[in-house]
Protein chains: 2
Amino acid sequence: MNEAKPVEVPSGPRDAIRDVAVRLFGKQGFSGTSMRDIANAVGVLPGSLYAHIASKEALLVDIVSDGIHRFIAAVEPMVGATGSPIERLRAMIVAHVEVVADNPERSLVVFHQWRFLGPDNLPLAIERRREYERCFISVIEQGMATGQFRADLNRRIAVLSILGALNWTPEWLSPDGQLKPHEVGELMAGTLLGGVLA
Amino acid sequence: MNEAKPVEVPSGPRDAIRDVAVRLFGKQGFSGTSMRDIANAVGVLPGSLYAHIASKEALLVDIVSDGIHRFIAAVEPMVGATGSPIERLRAMIVAHVEVVADNPERSLVVFHQWRFLGPDNLPLAIERRREYERCFISVIEQGMATGQFRADLNRRIAVLSILGALNWTPEWLSPDGQLKPHEVGELMAGTLLGGVLA
DNA sequence: GCCCCTAAAACAAACGTTCGTTATGATAAC
DNA sequence: GTTATCATAACGAACGTTTGTTTTAGGGGC
């Protein structure tokens with residue numbers, strides 16, 4: 001009775017492999033992780049992995065594309081939502097931090113390991129990243145258009161600064177910290193929107 | 001007459017190897033770069049590299065420790081310098097960006113590839129990174145103590161946001177861009193210190 | 001009896017590294 | 001001005017290991 005569609009916990013061996021790969025790719029990088037590393041962590045012989053996955057790169061493609069999608073899905077709806085650009089940018093920052101907190105290692109893979117995608121999958125991943133960046137660019141330009149954001153801002157530099165701060169969060173953010181992810185997001189939004197000056 | 005100590009351009013083969021390794025480690029990561037890749041780029045057979053370097057890891061140790069040192073040397077003097085915390089933090093941000101612009105690929109190695117240092121060299125590298133972070137923490141605390149920085153700031157989050165934005169710069173900063181590195185630094189300082197709100 | 005999954009073993013290729021030798025100039029002795 | 005000496009730096013081949021992946025065979029659930 002308590003199942004039917006349980007919220008998608010690592011049901012099969014396929015998901016177990018994926019979760020292990022996320023952890024190892026995040027910690028040691030794609031090139032620094034061998035299929036034997038993954039097999040050991042899963043508790044299986046290396047060759048047995050190939051009953052569930054097509055290749056090492058297919059594993060990376062899965063992780064990265066699903067990972068980017070989570071960020072886009074969390075942030076994109078707010079681009080055209082109601083409310084002031086300030087409120088929406090703030091909400092986007094919080095949403096981003098929450099996605100990172102949901103699984104920092106996966107975020108590390110998304111932000112750093114996409115370089116190792118092959119020629120077939122790399123262009124699409126790059127385009128998805130651009131799509132994500134455009135969400136922030138769009139809202140910041142809205143804010144500058146309405147005069148709520150400073151007019152002397154270099155919008156490119158502003159976007160890259162905010163995205164840089166956000167993209168770095170998986171490096172230090174712990175889901176088990178004393179601050180809840182939502183609180184961390186609010187604090188970052190306060191710092192990035194208002195600056196540090198009194 | 002026009003020599004004596006020419007400014008230290010990649011004199012020997014040793015430096016040529018180092019420069020190539022910086023570029024490849026930055027682009028493909030440490031694990032993703034083989035000694036054969038380096039040898040090919042230098043124009044030499046793989047074994048010949050070992051007449052000049054001790055090992056692949058020794059190459060990484062050189063690059064990372066020298067790289068961190070450049071950041072510390074550029075920023076640390078400003079921690080105890082004269083001037084307001086605002087002016088000093090601004091100068092530190094500009095200095096950081098200028099070090100990145102001097103060689104973005106080296107900065108990528110410093111910020112991402114230190115994980116692959118062995119047990120002998122990793123603790124020291126981590127301590128150096130902490131030392132660098134403490135420079136920023138110190139100045140921000142000075143700014144909050146004098147009341148020039150907002151009192152409702154979470155200093156940990158503020159520092160991590162600023163450092164995150166800075167550490168991400170090698171990902172997009174080009175030394176040949178239309179904005180000079182110094183200008184990019186000033187713009188980032190403006191964004192990070194003052195926020196985006198009007 | 002079929003089907004999914006695994007173990008076990010093997011594959012070719014690429015890995016970091018070592019080795020003895022050789023080509024190249026410069027320096028010093030005669 | 002030739003010759004011997006020496007350091008530099010690269011070669012070419014091989015080392016043992018690890019890489020991603022394939023193949024073959026066997027065991028348990030329906």
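The shown structure was predicted, so the numbers you read here are calculated from the model rather than taken from an experiment.
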Interatomic distance, [X] [atom1] vs [N] [atom2] [rounded to whole Å]:
X: B:Asp37; N: D:dT19; atom1: CG; atom2: C1'; value: 14 Å
X: A:Asn40; N: D:dT18; atom1: CG; atom2: C1'; value: 13 Å
X: A:Ile17; N: C:dT6; atom1: CD1; atom2: P; value: 7 Å
X: B:Ile38; N: C:dC15; atom1: CD1; atom2: P; value: 11 Å
X: A:Leu49; N: D:dG20; atom1: CG; atom2: P; value: 10 Å
X: B:Asp15; N: D:dA9; atom1: CG; atom2: C1'; value: 15 Å
X: B:Leu45; N: C:dA23; atom1: CG; atom2: C1'; value: 14 Å

Within the pair [X] and [N], is there a side-chain N or O less than 4.0 Å away from OP1 or OP2?
X: A:Ser48; N: C:dC5; answer: no
X: A:Tyr50; N: D:dT21; answer: yes
X: B:His52; N: D:dT8; answer: no

### Task
For the residue pair A:Phe71 and A:Phe111, categorise the inter-ring angle as parallel (less than 30°), tilted (30 to 60°) or perpendicular (more than 60°).
tilted
#### Entry: Parallel, tilted or perpendicular: rings of A:Trp168 and B:His112 (30°, 60°)
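Tilted, since the angle between the ring planes falls between 30° and 60°.
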### Task
Evaluate the criterion side chain to side chain contact (heavy atoms under 4.5 Å, CB included) for residue pair A:Leu173 and A:Met188; output intermediate values, then yes/no.
CA-CA 12 Å; A:Leu173 186 64; A:Met188 283 194 74; over 6 Å; no
Any salt bridge between [X] and [Y], counting N to O under 4.0 Å?
X: B:Arg90; Y: B:Glu87; answer: no
X: B:Asp66; Y: B:Arg70; answer: yes
X: A:Arg14; Y: A:Asp62; answer: yes
X: B:Arg130; Y: B:Glu133; answer: no

#### Entry: Among C:dA10, D:dA14, C:dA7, the nucleotide that comes nearest once only the side chain of B:Arg36 is considered
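Comparing C:dA10, D:dA14, C:dA7 against the side chain of B:Arg36, the answer is D:dA14.
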### Query
From C:dT17, D:dG20, C:dA7, pick the nucleotide closest to the side chain of A:Lys56?
D:dG20
#### Entry: Donor-acceptor pair, side chain of B:Ser107 and main chain of B:Asn103, under 3.5 angstrom
yes
### Structure string for DNA chain C in dot-bracket form, Watson-Crick and G-U at under 3.5 Å, | interchain
.|||.|||||.|||||||||||||||||||
### Task
Give me the residues of residues 23-34 of chain B where at least one heavy atom lies under 4.0 Å from an atom of DNA chain C, by number, or none.
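B:Thr33, B:Ser34 - these, ordered by number, are the residues of the stretch whose heavy atoms sit under 4.0 Å from the strand.
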### Query
Would A:Asn154 and B:Leu179 count as a side chain to side chain contact (heavy atoms under 4.5 Å, CB included) if you check the C-alpha gap in whole Å, the side-chain angles of each, and the deciding distance to 0.1 Å?
CA-CA 11 Å; A:Asn154 180 311; B:Leu179 254 44; 3.8 Å; yes
### Task
Identify whether any heavy atom of A:Ala51 sits under 4.0 Å from a base atom; if not, whether one sits that close to sugar-phosphate; answer base, sugar-phosphate or nothing.
base
